[in-house]
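A short write-up of the structure that comes next.
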Amino acid sequence: MITPPSILRLDNLLPREPLLMMGAGPVPLPSRVAQANSIVINHLGDTMAKVVDQLKKMARYVFQTRSEFLLGVAGPGSAAMEMAIVNLVEPGDEVLAVCNGYFSRRMAEMAGRVGGRVTIIEVPNNQTATLDMVDKHLRSGRYKTLTIVQGETSNTVHNLHLPQISKLAHSLGCAVIVDAVCTLSTMPLEMDNWQIDAVITGGQKGLSSIPGVSLIAFSEFAWHRITQRTAPKSHWCLDALLADQFWNKGSYHYTAPVSGILALHEALYLVCDETLAQRFARHDVCSKALQKGIQAMGLTLMVPESVRLNSVIGIQIPEDISPDRVRAHMSAVHQVEISGSFGLHIVRVGQMGEQCRAHNLFRTLHALGTSVQHEGVTLDLPKGLSEMERWLTKDFDLTHVN
Ligand SMILES: *Cc1c(COP(=O)(O)O)cnc(C)c1O
């Protein structure tokens, strides 16, 4: 007989409080989101139908779309990504994948796995994708689908020309899949106006909900392709027409992640209440202020300002010290968690949703500065903190960022 293992209570495993999650996600939860996440109700029936109906209305606002074809996914942002790919890409389809880094490459890999013939456009590090890079390919008329990321979290580059690239592709009959996992609700994204055919997002980033429940919106063009498709779909859970049963017809596909849906409802409510315009301004001001503070302290940012993402900041760490040791010190001494990177000599600080609050920025900048100094590099910490304060209050009412 196998005996019960000896297990520590969760209290003995969890990090010390007050913990501050300032990495590339998950991000801190507003209390009403956390509260909603602790509730379980019937996954079918009147109450759930009302919750789903409101959630979709709010998501349409956040995606800036009038599309009817909005679905949730029980799974990470990557599951929403896979849902876009497995429904829109058929075996043998030509797919153009704009790759800036780790996450945009994930879409290319998924497209290949379902039998797509993938052409990768490699965007050099620190650069944004341009219309020029895709123009010739798109005009060849070969491509049925294009994949692109709005903000590449891995190297903190913003694909500024997404609207032009999307419009061109769509006008040539090529469906456009956009990964907005880290950027949604932190900067403008206009699904309808930019003629995007599928937008995906996760919960735990810009929206400040829990990880594990994600959203996807398909355009009418995309939905038509899905309903006309004859090739069998390889993924049952991610089949959009089955998911439609729950998300639009009030019936059963799989048991929906009830608590996570309630949490997402509250997170979206907070976005709608703040309004997108105000939320974008908060992200702009907070991220800019933190960037200025980091630079004034004596550190260098990874990406040139014109293409720098404001939802995740990449910070170069001096050659002779280890980014992992800086992060370990921040975590152990200050209980502030930030992210490393995939092979680059940087650390990354998230600027998504609840991370963009003045008190979180001060705590993070202080922890980062003292932890870099602890590794033996001298910085001007007071200058960094005062510069951040100056930018936070420059032309913004500080009540908006608290
Ligand atoms: C985090 C992230 C993902 C993956 O999201 P998961 O929830 O970890 O699957 C995909 N794309 C981008 C741009 C991201 O930032």
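Keep in mind that what you see is a predicted model, and the values were worked out from it rather than measured. Numbering of ligands and ligand atoms starts at 1, following listing order.
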**Request:** With side-chain contact (heavy atoms from CB on, under 4.5 Å) as the test, would you mind laying out the steps for Val118 and Leu96 before giving the verdict?
**Result:** CA-CA 6 Å; Val118 182; Leu96 190 61; over 6 Å; no

**Request:** Could you go through the salt bridge (Lys or Arg N to Asp or Glu O under 4.0 Å) check for Lys249 and Asp244 one step at a time?
**Result:** CA-CA 7 Å; Lys249 309 217 159 73; Asp244 183 53; 2.4 Å; yes

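- Look at Arg327 and Asp324 and you find a salt bridge, because one of the NZ, NE, NH1 or NH2 atoms lies within 4.0 Å of a carboxylate O, short of that distance.
- Residues Arg363 and Val336 meet the side-chain proximity criterion, which asks for heavy atoms closer than 4.5 Å.
- Among the candidates Lys56, Lys57, Lys50, the single residue satisfying the side chain to side chain donor-acceptor pair (under 3.5 Å) test with Asp53 is Lys57.
- No side-chain heavy atom of Ile200 sits under 4.5 Å from any side-chain heavy atom of Leu215.
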What does the N/O contact table under 3.5 Å look like for ligand 1?
residue: ligand 1; atom: 7 (O); partner: Gly77; partner atom: N; Å: 2.8
residue: ligand 1; atom: 7 (O); partner: Gln204; partner atom: NE2; Å: 2.8
residue: ligand 1; atom: 9 (O); partner: Gly77; partner atom: N; Å: 3.3
residue: ligand 1; atom: 9 (O); partner: Ser78; partner atom: N; Å: 2.8
residue: ligand 1; atom: 9 (O); partner: Ser78; partner atom: OG; Å: 2.5
residue: ligand 1; atom: 11 (N); partner: Asp179; partner atom: OD1; Å: 3.4
residue: ligand 1; atom: 11 (N); partner: Asp179; partner atom: OD2; Å: 2.5
residue: ligand 1; atom: 15 (O); partner: Thr153; partner atom: OG1; Å: 2.4
residue: ligand 1; atom: 15 (O); partner: Lys205; partner atom: NZ; Å: 2.7

